[in-house]
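Worksheet: the structure to be examined is printed underneath.
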Amino acid sequence: MTDTLTTLIIEDDPDVALGCAQALQLEGLAAECVGSAELARRRLSADFRGIVVSDVRLPGQDGMSLLRELQSLDAELPVVLITGHGDVSMAVQAMKDGAYDFLQKPFAPEQLVDVVRRAIEKRRLVLEVRDLRRQLEQREHLAARLIGDSSGMARVRELIGALASSAADVLIHGETGTGKELVARCLHDASPRRRGNFVAINCGGLPETLFESEIFGHEAGAYTGAGKRRIGKIEHANGGTLFLDEIESMPLAMQIKLLRVLQERTLERLGSNTPIAIDCRVIAATKEDLLALAGQGRFRADLYYRLSVATLPLPPLRERREDIPLLFEHFLLQAAARHQRPPVQPQSGRIRQLMGYPWPGNVRELRNVADRCVLGIEGGSPPFGEATGDAAGNTARPLAETVEAFERALIADALRRHGSLARTAEALAIAKTTLHDKVRKYGLAE
């Protein structure tokens, strides 16, 4: 990593600056030169990936003053000061003020290289620690928003961590109610674009006649009723993230225009021939198999391939039943706060009912159940009322499949609560060898 860090040399004498830069570059160290503190400030930030070597005597702001300013900006940024013959006392003071080291003119190139190598190594370690802390904070933040200990949710968080800092467009695939918009917001919030707008569009909720104007914007007089210029959703997302939910519902004519925007990164408002540069990340979401729709002529294959640079599948709730107790408890607390009602404690009997239910509406349906429990009206609706089948009107799953899904979720939840295999077996009142076999059968060993 050393070769990725830069030494910023601040020296108003061009011959000295060039000599320092060449001495470092001959040793494989990256170096850049500026002639004043003012120019240096434009390059420096709290996470500057490098170190500073500065002459004490500079035009305008001197090196000592710059040192104090850089200490306020980043106390762990190594600053090496170059001093003259009469500046030894100043150099001592600089070390007290936080300078990493100092070099007294004239100095040999080997001295400069040695000091810079040590400073860069220190900076490298500091930046590595900061990066690790950020990754840990990001994981903790994701764990608080994307609740669940199942392997499926761990994979989702892993993918978000891997994709967040990239510029790649992402296609999220998941059933209705699995949390596609929440995942898109997590991607945005964990990305360098988090200070930009997150603009969400439900492609299935816009009339086709208004789609183009809403997405691309229009100029005044572009059509009857267009009294003034309107900025479209894509343009509003400039510098941020554009989230296209239910992308399968986008009219084919609009798909062609969107594809052009994604390829050219420019758009034209309705009624205008002036291209506008666009810099936004596109995250699309669907519950459908877009490739299958493309084969039926209902979705453009070229748009599918453009959107699916990276894909992020979301598991349905029935495939991560071990997360249900955690989610339900979380939603109960949220519902109690929202409705200003006392918290409801989840009962073990009800948890068993929740874990045996097929959840056609996924996490969204579970949240609604929690709301009804807090309001005291849960008795007339599934899973605590009469079962009504899944969203497509199908009957419940075969008994053996339902029992296995319930058993897997029950064991996963017990393992999470009790930690060890022995304590879990004791809590479930089964032999440890039997539990071990079931853990292997359901893939819970990891």
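In plain terms, the two heavy atoms of Gly50 and Leu77 that are nearest each other are O-CD1, 3.3 Å. Of all heavy-atom pairs spanning Gly63 and Ser54, the tightest one is CA-OG, 4.2 Å. Minimum heavy-atom separation, Pro382 to Val369: O-CG2, 3.9 Å. Considering every non-hydrogen atom in both Ala94 and Leu81, the closest pair reads CB-CD1, 3.3 Å. Taking both residues in full, the closest heavy atoms of Met95 and Asp101 are given as SD-CA, 3.6 Å, listed atom of the first, atom of the second, then distance. Closest of all the heavy-atom pairs between Arg320 and Met153 is NH1-CG, 3.1 Å.
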Query raised in the report: Would Phe243 and Val199 count as a side-chain contact (heavy atoms from CB on, under 4.5 Å) if you check the C-alpha gap in whole Å, the side-chain angles of each, and the deciding distance to 0.1 Å?
Result: CA-CA 6 Å; Phe243 175 56; Val199 180; over 6 Å; no

Requested in this report: Give the intermediate values and the outcome of side-chain contact (heavy atoms from CB on, under 4.5 Å) for residues Cys186 and Leu146.
Outcome: CA-CA 9 Å; Cys186 288; Leu146 299 173; 4.1 Å; yes

Query - Audit row: Asp149, Glu322, side-chain contact (heavy atoms from CB on, under 4.5 Å) steps and yes/no - result: CA-CA 8 Å; Asp149 295 328; Glu322 57 265 45; 6.0 Å; no

Requested in this report: Please report the C-alpha distance between Asp97 and Met64 in whole Å, then the side-chain angles of each, then the deciding distance to 0.1 Å, and finally whether the side-chain contact (heavy atoms from CB on, under 4.5 Å) criterion is met.
Outcome: CA-CA 9 Å; Asp97 289 346; Met64 293 293 289; 3.8 Å; yes

**Report entry** Audit row: Arg124, Glu128, salt bridge (charged side-chain N to carboxylate O under 4.0 Å, His left out) steps and yes/no
**Finding:** CA-CA 6 Å; Arg124 181 182 67 81; Glu128 283 182 353; 2.8 Å; yes

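Here the CD atom belonging to Glu158 is positioned 10.5 Å from the CG atom belonging to Leu312, to the nearest 0.5 angstrom. Residue Leu171 holds its CG atom at 12.5 Å from OH of Tyr305, rounded to the nearest 0.5 Å. Remark: Leu354 CG to Cys373 SG distance equals 7.0 Å, nearest 0.5 Å. How far CG of Leu125 is from CD1 of Ile120: 12.0 Å, rounded to the nearest 0.5 Å. Here the CG-CZ distance, from Leu44 to Arg42, works out to 12.0 Å after rounding to the nearest 0.5 Å. Ile215 CD1 to Leu267 CG: the interatomic distance, rounded to the nearest 0.5 Å, is 10.5 Å.
Ion pairing between a basic and an acidic side chain is recognised when a charged N comes within 4.0 Å of a carboxylate O; Glu378 and Arg350 show such pairing. Classification of Asp169 and Arg265 as a salt-bridged pair holds, one side-chain N sitting under 4.0 Å from a carboxylate O. With respect to Arg130 and Asp74, a salt bridge is recorded, a charged nitrogen being found less than 4.0 Å from a carboxylate O. Of the charged side-chain nitrogens involved, at least one lies within less than 4.0 Å of a carboxylate oxygen, so that Asp189 and Arg145 count as a salt-bridged pair. Note on Glu181 versus Arg185: salt bridge recorded, some NZ/NE/NH1/NH2 to OD/OE distance being below 4.0 Å. Salt bridge status for Arg118 with Asp114: present, with a side-chain N to carboxylate O gap under 4.0 Å. Ion pairing between Glu219 and Lys228 fails under the 4.0 Å rule for side-chain N and carboxylate O. Using a 4.0 Å cut-off between charged nitrogen and carboxylate oxygen, Arg41 and Glu69 count as a salt-bridge pair.
Side chain of Arg321 to main chain of Tyr357: a donor-acceptor pair is present (N/O by atom type, distance under 3.5 Å, no hydrogens or angles). With Glu235 contributing its side chain and Gly217 its backbone, the two residues share no donor-acceptor pair below 3.5 Å. Side chain of Arg306 to backbone of Leu262: a donor-acceptor contact under 3.5 angstrom is found. Checking side-chain atoms of Asn202 against main-chain N and O of Gly205 turns up a donor-acceptor pair under 3.5 Å. Remark: side-chain polar atoms of Arg440 are not paired, donor with acceptor, to backbone N or O of Asp437 under 3.5 angstrom. Judged purely by atom type and a 3.5 angstrom limit, His173 uses its side chain to pair as donor or acceptor with the backbone of Glu288. Although no hydrogens or angles enter the test, the distance criterion places no donor-acceptor pair under 3.5 Å between the side chain of Asp279 and the main chain of Asn238. In this structure a side-chain-to-backbone donor-acceptor pair under 3.5 Å is present from Thr424 to Ser420. At least one donor-acceptor pair under 3.5 Å links the side chain of Asp323 to the backbone N or O of Ser150. With hydrogens and angles ignored, the 3.5 Å screen pairs a side-chain donor or acceptor of His188 with a backbone N or O of Gly196.
Between the side chains of Ser65 and Gln61, at least one donor N or O lies within less than 3.5 Å of an accepting N or O. For the 3.5 Å distance criterion, the side chains of Ser166 and Arg281 qualify, holding a donor opposite an acceptor. Side-chain contact of Thr178 with Asn362: a donor-acceptor pair under 3.5 Å is absent, judged by distance alone. Counted by atom type alone, Glu248 and Thr286 present one or more donor-acceptor pairs between their side chains at under 3.5 Å. Under 3.5 Å, the side chains of Arg367 and Gln334 contain no donor-acceptor pair of N or O atoms.
Looking at heavy atoms from C-beta onward, Val439 lies in side-chain contact with Leu421 at the 4.5 angstrom threshold. Leu206 has its side chain out of reach of Ser249: every pair of non-hydrogen atoms, C-beta onward, lies at least 4.5 Å apart. Side chains of Val80 and Val52 form no contact here, defined as non-hydrogen atoms less than 4.5 Å apart. Looking at Asp289 and Leu293, their side chains never come closer than 4.5 Å, going by heavy atoms from C-beta outward. Side-chain contact check for Leu112 versus Cys20: some heavy-atom pair is nearer than 4.5 Å. At least one side-chain heavy atom of Ile247 sits less than 4.5 Å from a side-chain heavy atom of Leu258. Between Phe216 and Val261, the closest side-chain pair of non-hydrogen atoms falls below 4.5 Å. Put simply, the side chain of Tyr304 reaches to within 4.5 Å of the side chain of Leu290, judged on heavy atoms.
Counted within 6.0 Å of CD on Gln263, heavy atoms from surrounding residues, nucleotides or ligands total more than 12; the atom is thus considered enclosed. No more than 12 heavy atoms of other residues, nucleotides or ligands shown are found within 6.0 angstrom of CZ on Arg195. Within 6.0 Å of CD in Glu329 there are 12 or fewer heavy atoms belonging to other residues, nucleotides or ligands. Applying the 6.0 Å contact sphere to OH of Tyr223 captures more than 12 heavy atoms from other residues, nucleotides or ligands. Counting non-hydrogen atoms of other residues, nucleotides and ligands closer than 6.0 Å to CZ of Arg260 gives a total of 12 or fewer.
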Show me the donor-acceptor pairs, under 3.5 Å and distance only, between side chains in residues 29-38 and residues at least two apart or in other chains.
from  : atom 1 : to    : atom 2 : distance (Å)
Glu32 : OE1    : Arg43 : NH1    : 2.2
Ser36 : OG     : Leu39 : N      : 3.2

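Test Lys287, Arg318, Lys180 against Glu175 for salt bridge (charged side-chain N to carboxylate O under 4.0 Å, His left out) and you get one pass: Arg318.
Here ring-ring contact (aromatic ring centres under 6.0 Å, His included) pairs that include residues 26-45, with residues two or more places apart or in two chains, number zero.
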